[in-house]
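Below is one structure, written out as C-alpha cells; comments come after it.
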2 protein chains.
Amino acid sequence: MYSIQDVSRKTGLTAHTLRYYEKEGLIPSIERSQGGIRQYTDEDLEALGLICCLKNTGMSLQEIARFVQLTQAGEHTLRERVNMLTEHRENVIARMAEMQKYLDKVTWKVNYFSRKLEEYESREAKEAK
Amino acid sequence: MYSIQDVSRKTGLTAHTLRYYEKEGLIPSIERSQGGIRQYTDEDLEALGLICCLKNTGMSLQEIARFVQLTQAGEHTLRERVNMLTEHRENVIARMAEMQKYLDKVTWKVNYFSRKLEEYESREAKEAK
DNA sequence: CCTGTTCTTAAAGTTTACTCTAAGTCAAGA
DNA sequence: TCTTGACTTAGAGTAAACTTTAAGAACAGG
C-alpha cells in the first residue's frame with residue numbers, strides 16, 4: 001500500500017496530477033482507507049506504468065482514458081484494446097523513423113557548422129598575430 | 001521564386017502559419033515583389049527545412065527564433081550555434097532511446113493482450129457449440 | 001477588367017495537459 | 001496532542017503553438 005506521495009515519488013507525477021488523472025478516468029478508482037485516503041496497490045502502480053508509457057509515447061489523455069475504460073469493461077473489449085495498442089505501436093514506430101531522419105539532418109548540420117567554426121577560429125587566430 | 005501558397009504546399013504549413021513564423025522571427029524576412037508580395041527563394045526553403053526539422057524534433061519556437069537570429073548575426077555566433085545544435089542533438093538521442101524503451105513495453109503489451117484475445121475467442125467458440 | 005491571391009493589424013479563441021488556489025475538514029503517526 | 005499530510009469542489013490560471021476573424025486594400029495573371 002502506497003500513499004499518494006509515495007506514488008508521486010515513484011512515477012514523477014505530482015499528487016495533484018494523480019488526482020486529476022483519476023478524476024479524468026485515466027486511472028481506475030483507487031481504493032481508500034476507512035478515512036477516505038487513497039491506498040495505491042502494486043497493481044495500481046503497474047497500471048500507472050502503462051499509462052505513463054502510453055502518455056510518454058504521445059497518446060492523448062483522452063485516448064488513454066478510453067483504453068482504461070475498455071480494460072475495466074471486461075474481456076469482450078480485448079479486440080478493441082489490441083487494435084488500439086497495435087495502432088499506437090505503429091504510430092510510435094513511424095514517429096521514431098521520422099525522428100531518425102531528422103536526427104541525421106541535425107547531425108549533418110552540427111558537423112557543417114563545426115567545420116565553419118574551425119575555419120573561423122583559425123582565421124581569427126591569424127588576424128590576432 | 002515561390003508564392004506563400006507554393007511554400008505552404010511544400011512544407012505542409014499554412015500561409016497563416018508562415019506569416020506567423022515570420023512575425024515571430026522564426027524565418028528571416030522574406031523578399032517582397034514591388035507590390036509587397038512575399039517571394040520565397042530556394043534558400044528560404046532550405047532555411048524552412050531546418051526550422052521544420054528542429055520543430056519536429058521538439059525544439060520550441062522560441063529557441064528556434066534564437067537560433068535564426070544568431071545565424072543572421074554573423075560568424076561570431078558560430079560557437080553558440082554549434083552548442084545549441086549539439087545540445088539539441090543530444091536531447092533528441094536521449095528521447096529516442098527513451099522512446100525505444102517505451103516501445104518495447106508497448107510491444108510486450110500488444111503480444112500479451114493478443115494472447116489473451118486468442119484464449120478468449122477460442123473459449124467463446126467452444127461455448128457457442 | 002475580373003477574379004482569385006495576398007497583404008495588413010490586432011485581438012480573440014482553441015486545444016492539451018496540467019497547475020494552482022481557496023477554504024475548510026479530516027486522518028495518521030510520533 | 002500536535003503536526004504533517006490528505007481530502008473535497010469548483011473554478012481560475014498557464015503555456016505553447018497555433019487558428020481564426022474582421023475588414024479593407026492592393027496585386028497578378030488570363
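As the structure is a prediction and not an experimental result, all values here were calculated from the model. Each chain gets a letter, A, B and so on, in the order the sequences are listed, and its residues count up from 1.
Atom CG of residue Leu117(A) and atom CG of residue Leu78(B) lie 5.5 Å apart, to the nearest 0.5 angstrom.
Put simply, the side chain of Arg66(A) reaches to within 4.5 Å of the side chain of Met84(A), judged on heavy atoms.
Atom-to-atom, CG of Leu18(A) to P of dT8(D) comes out at 12 Å; the value is rounded to the nearest Å. Going from atom CD1 of Ile27(B) over to atom C1' of dA17(D) covers 14 Å, rounded to whole Å. Whole-Å rounding puts the Asn56(B) CG to dA17(D) P distance at 12 Å. When rounded to the nearest whole Å, the span between CE of Met1(B) and C1' of dA28(D) equals 16 Å. Between the CG atom of Asp6(B) and the C1' atom of dT6(C) there is a distance of 13 Å, rounded to whole Å. Separating the CD atom of Glu22(A) from the P atom of dT9(D) is a distance of 11 Å, rounded to the nearest angstrom. In this structure, Glu24(B) places its CD atom 11 Å from C1' of dA16(D), rounding to the nearest Å. The separation between Ile51(B) atom CD1 and dA17(D) atom C1' is 15 Å, rounded to whole Å.
OP1 or OP2 of dA28(D) lies within a sub-4.0 Å distance of a side-chain N or O belonging to Gln34(B). Note on Tyr21(B): every side-chain N or O is 4.0 Å or more away from OP1 and OP2 of dA17(D). The phosphate of dC18(D) (OP1 or OP2) has no side-chain N or O of Thr14(B) nearer than 4.0 angstrom.
Both Gln39(A) and Gly58(B) lie close to DNA chain D; mapped to their nearest nucleotides by heavy-atom distance, the more 5′-ward contact belongs to Gln39(A). With the nearest nucleotide of DNA chain C identified for both Ala15(B) and Gly35(A), Ala15(B) has the one nearer the 5' end. When each of Ser33(B) and Met59(B) is assigned the nucleotide of DNA chain D bearing its nearest heavy atom, the one mapping closer to the 5' terminus is Met59(B).
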Taking N or O atoms only and anything under 3.5 Å, show me the protein contacts with nucleotides 8-14 of chain C, one pair per line.
{"residue": "dT8(C)", "atom": "OP1", "partner": "Arg32(B)", "partner atom": "NH1", "Å": "3.1"}
{"residue": "dT8(C)", "atom": "OP1", "partner": "Arg32(B)", "partner atom": "NH2", "Å": "3.0"}
{"residue": "dT8(C)", "atom": "OP2", "partner": "Arg38(B)", "partner atom": "NH1", "Å": "3.1"}
{"residue": "dT8(C)", "atom": "OP2", "partner": "Arg38(B)", "partner atom": "NH2", "Å": "3.0"}

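Of the N and O atoms on the side chains of Asn111(B) and Ser114(B), not one donor lies less than 3.5 Å from an acceptor on the other residue. For the residue pair Gln100(B)/Asp104(B), the side-chain donor-acceptor check at 3.5 Å is satisfied. In this model, a donor atom of one side chain and an acceptor atom of the other lie less than 3.5 Å apart for Asp42(B) and Tyr2(B).
Distances were taken from every side-chain heavy atom of Ile37(A) (C-beta onward) to each of dC18(D), dC7(D), dT6(C); the shortest belongs to dC7(D). Side-chain atoms of Ile4(A) lie closest to dC7(D) of the nucleotides dA28(C), dC7(D), dC18(C). Side-chain proximity of His16(B) to the nucleotides dT21(D), dG5(D), dT19(D) is greatest for dT21(D). Closest contact between the side chain of Thr17(B) and the listed nucleotides dC18(D), dA17(D), dC18(C) involves dC18(D). Nearest to the side chain of Lys55(B), among dA27(C), dT6(C), dC18(D), sits dC18(D). Here dC18(D) is the nucleotide among dC7(C), dA6(D), dC18(D) with the atom lying nearest to any side-chain atom of Leu61(B).
End-to-end axis angle for the helix from dC1(C)-dG30(D) to dA30(C)-dT1(D), using five pairs per end and rounding to 10°, comes out at 30°.
The pair Glu22(B)-Arg32(B) counts as a salt bridge, with a side-chain nitrogen and a carboxylate oxygen less than 4.0 angstrom apart. Salt bridge annotation for Arg9(A)-Asp6(A): present, with a cationic side-chain nitrogen under 4.0 angstrom from a carboxylate oxygen.
Considering only residues two or more places apart in sequence or on other chains, Arg123(B) meets the side chain to side chain contact (heavy atoms under 4.5 Å, CB included) condition with Glu75(A), Glu119(B), Tyr120(B), Glu127(B).
Exactly one of Leu13(B), Leu18(B), Thr14(B) qualifies for a side chain to side chain contact (heavy atoms under 4.5 Å, CB included) with His16(B). That residue is Thr14(B).
The backbone N or O of Ile4(B) lies less than 3.5 Å from no partner atom in the side chain of Ser8(B), so there is not a single donor-acceptor pair.
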